[in-house]
Amino acid sequence: MMFNPEDFQKLSPLPREFYNRNTVQVARDLLGCLLVHNSPEGTAGGVIVETEAYTQHGDPACHASRGMTPRNRVMFGSPGHAYVYFTYGMHYCFNAVTNAEGVGDAVLIRALQPLIGVELMQKRRGRERLKDLCSGPAKLVQALGMSKEQNGADLTSGPVRIFPWWDDVNNVVVTTRIGIREGTELPYRFYIKDNPYISKK
DNA sequence: GACCAGATTGTCT
DNA sequence: GACAATCTGGTCA
């Protein structure tokens, strides 16, 4: 597919008001949006096809559920910023901070459909198949070349941005979240039905 | 396909 | 000291 990375630079990123809403709603609405990272190595990105909501109130799986710590402090900051955390001794995961400032909510981006900078993502991942590039929260962070450097980045004006992309996202599946021990009963995971690039059924 | 062990270290109790 | 919003490569079917 032909694609000029300059093209979407002219689009308007999702405004801060988009993120300053109910977190579960934002998680649903982020499906079909385009996540892009502009790095010195080049530009890479893809369409969001899987998300999970984490809410500070009534959600024990949320990093912010037991109050502010050095790690989770950006979750309590202004919405529309990146929360990138390190886990399992080797992986990073990317979230968008949501809801009002001071609340402590975020949406975990779990999978992308690769679209921009595919060659660069293949190189970073050491994998050829498109399905192996962004089909998991730590995979997509690696493919996009992100790390703790992007923690706290402004998604409306920084090197990491999210744009409206697909107009009508239908066939959204709502289910329970993956890889957590508490809060497993909450229906906070969203993915696009039959999309081949999600992490797991 | 399903299931499982191992990797590896920042973070919090 | 225990654990973690994961991934990979192995086994078995």
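Treat the numbers as computed from the prediction; the structure is a model and nothing was measured. Throughout, protein chains are lettered first and strands after them, A, B, ... in sequence-line order, and every chain is numbered starting at 1.
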Shared hydrophobic cluster for W166(A) and L130(A) (ILVMFWY, side-chain gaps under 4.5 Å): yes
Closest-nucleotide ordering on DNA chain C, the 5'-leading residue of R127(A) and H91(A): H91(A)
Separation of dT11(B) P from Y92(A) OH (nearest whole Å): 9 Å
Sugar-phosphate, base or nothing in reach of R125(A), heavy atoms under 4.0 Å: sugar-phosphate
Any strand: nucleotide that pairs with dT8(B) via Watson-Crick or wobble, under 3.5 Å: none
Side-chain ion pair, K201(A) and E50(A), N-O less than 4.0 Å: no
Whole-Å distance separating the CZ atom of F86(A) from the P atom of dT11(B): 8 Å
Contact residues, residues 134-149 of chain A to DNA chain C [heavy atom, < 4.0 Å]: G136(A), P137(A), A138(A), K139(A)
Separation between CE of M75(A) and OG of S65(A), rounded to the nearest 0.5 Å: 8.5 Å
Electrostatic pair R177(A)-E52(A), nearest N-O below 4.0 angstrom: no
Over 12 foreign heavy atoms within 6.0 Å of CD, E185(A): yes
Electrostatic pair D154(A)-R161(A), nearest N-O below 4.0 angstrom: no
Interatomic distance where CE belongs to M68(A) and P belongs to dT11(B) [whole Å]: 16 Å
Hphob cluster co-occupancy, F86(A) + V160(A), side-chain heavy atoms under 4.5 angstrom: yes
Cluster check V49(A), V173(A): I/L/V/M/F/W/Y, side chain < 4.5 angstrom: yes
Paired nucleotide for dC12(C) [Watson-Crick or G-U wobble; both distances under 3.5 Å]: dG1(B)
Touch class at under 4.0 angstrom, heavy-atom based, for R177(A) against every strand present: nothing
Interatomic distance where CE belongs to M75(A) and C1' belongs to dT11(B) [whole Å]: 15 Å
Outermost nucleotides of DNA chain C that come under 4.0 Å of a non-hydrogen atom of chain A: dA4(C) to dG9(C)
Over-ring placement of R21(A) relative to F18(A), 6.0 Å and 45° cut-offs: yes
